[in-house]
Engineer: 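Dumping the structure here so I can ask a few things about it.
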Protein chains: 2
Amino acid sequence: MSSAPPPAHPRPGGGRTGRPRDPAADRAILHATRTALVELGWGKLTMSDVAARAGVAKTTLYRRWAGKSELVVDAVAALFDEHLELPDRGSLQADIEGVVLRFAALLERPEAKTALMAVVAESTRDDALRDRIRSAIVDRQKSLVLLGRERAQARGELPREDDPEVAARTADLIFDVIAGAVVHRTLVSAESVDTEWARGFAGMLVGGLASVRSFP
Amino acid sequence: MSSAPPPAHPRPGGGRTGRPRDPAADRAILHATRTALVELGWGKLTMSDVAARAGVAKTTLYRRWAGKSELVVDAVAALFDEHLELPDRGSLQADIEGVVLRFAALLERPEAKTALMAVVAESTRDDALRDRIRSAIVDRQKSLVLLGRERAQARGELPREDDPEVAARTADLIFDVIAGAVVHRTLVSAESVDTEWARGFAGMLVGGLASVRSFP
DNA sequence: CTCTTACGCTACGAGCCGTAGCGTAACTGG
DNA sequence: CCAGTTACGCTACGGCTCGTAGCGTAAGAG
């Protein structure tokens, strides 16, 4: 929950003795990581380079993060913390359009573009990394879906669900559809998500939700 | 179009003189690449290792492919050629369910799982690689969407489009929604695409298409 | 038989990885 | 003020991969 990046190797003893870690170093390292991602991309980013950019010894990097993947996850997670929210635009359709455009704007950033898919790819063989991505990035996105549904229910645009399990499954489905479509459009099809696309997508999704409601 | 992997450095002169390349080596290399992907994953796969597995000198690898990314794209593209098709199940909804399940089965394979996202990530900074992915993988998937629409139009489930530009935009949208949702569900949410999910997704998509049709 | 290209092999400089060892700095509790 | 504990910077290291060069040989075309 704290937006401060959690150290990979948390403080051993519960006691808080000894020299404390320099918080400025964390900030410098994460900033240097994003800069390096922009300039070099995931593939050519190296721990040595990040350390040099941050004005920090390489050993300090390894004391806080287990490796490149963990470091990059924390670096891009900070972007999501800053730029991802759900503005209330008055209708479900407009809310979806809004969040789609914001998410797309995030993915257009070269840091996020090159890093997100790479760490996800890495996470297919690393459960700890998958958990880190989930808690640092994915869960925060998913909460926007839940918030959007709640607003739509308050407006009467969507029915209140009775079965919590069905509700959860539906929310997961919507989340995968929204996030998946935006990511695929941006990174695989490599075309921009403009207002026109967002409107068409949101219209289709709202229509689909309405039809599912009428055919249970 | 030819399912044979195109060499990265095509034959220089139009003339076909000199010793011809060994086609068996291509097959051995691509097979070794898939095996290495299964055992090591993208991150730990090395050109040296692939060469050793294929019983081929490392230099031969570099004579045919510019690097790891290009090699892996060709290796997984072969999987798509073999296992991706659109069975005619009699209705638009059933067709979508079918292609979703097939695509998901492909993504469950460890070779594809670890490789696809990685090469897409790499392609964000490499236009040539992006084109290679597009022609070897993405365009073939997209053609299934066009085929599915044609069948649905023949059945009368979807209207024939007048404006070809609108038709193309809609097809692109559908493609990003389908492929994106399946990829996101499988790789990011890391949950399996079973028949139940496929039914729910296809139902929502068909409903959305219907609603778009009625509100132009 | 010559020309051309592919192949295997060896060797190489370069770069990064991740860790160990050391001396020093900062903060805590007695 | 002083020991105990932890963080930091620095240096150095073995191990690995990269991508290329150079050589001798193999397999086709004319």
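Letters A, B, ... are given to chains in the order of the sequence lines, protein chains preceding strands, and every chain is numbered from 1. Every heavy atom of this structure was used, including side-chain atoms; hydrogens, water molecules and symmetry mates were not.
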Engineer: In whole Å, what is the span from the CG atom of B:L71 to the P atom of D:dG19?
Structural biologist: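 Going from CG in B:L71 over to P in D:dG19 covers 12 Å.
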
Engineer: Once each nucleotide of nucleotides 16-28 of chain C is scored for protein heavy atoms under 4.0 Å, what B/S/- sequence comes out, 5' to 3'?
Structural biologist: SBBBB----BBBS

Engineer: Just checking B:E82: does its CD atom have more than 12 heavy atoms from other residues, nucleotides or ligands closer to it than 6.0 angstrom?
Structural biologist: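 Result for CD/B:E82: enclosed.
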
Engineer: Distance check needed: C:dC7 C1' versus B:I29 CD1, whole Å only.
Structural biologist: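 Result: 11 Å.
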
Engineer: Decide yes or no for A:D126 and A:E70: does some side-chain heavy atom of the first lie under 4.5 Å from some side-chain heavy atom of the second?
Structural biologist: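 Counting from C-beta outward, A:D126 and A:E70 do come under 4.5 Å.
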
Engineer: Looking at every non-hydrogen atom in both residues, tell me the closest pair between B:I178 and B:F201 and how far apart they are.
Structural biologist: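 Looking at all heavy atoms of both residues, the shortest contact is CA-CZ, 3.7 Å.
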
Engineer: Whole angstroms only, please: what is the CZ-P distance between B:R21 and C:dC7?
Structural biologist: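 It works out to 6 Å between those atoms.
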
Engineer: Going from CZ on B:R21 to OG1 on B:T60, what distance comes out if it is rounded to the nearest 0.5 angstrom?
Structural biologist: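 Going from the CZ atom of B:R21 to the OG1 atom of B:T60 covers 9.5 Å.
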
Engineer: Just how far is it from atom CD1 of A:I96 to atom CG of A:L209, taken to the nearest 0.5 Å?
Structural biologist: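 That separation rounds to 6.5 Å.
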
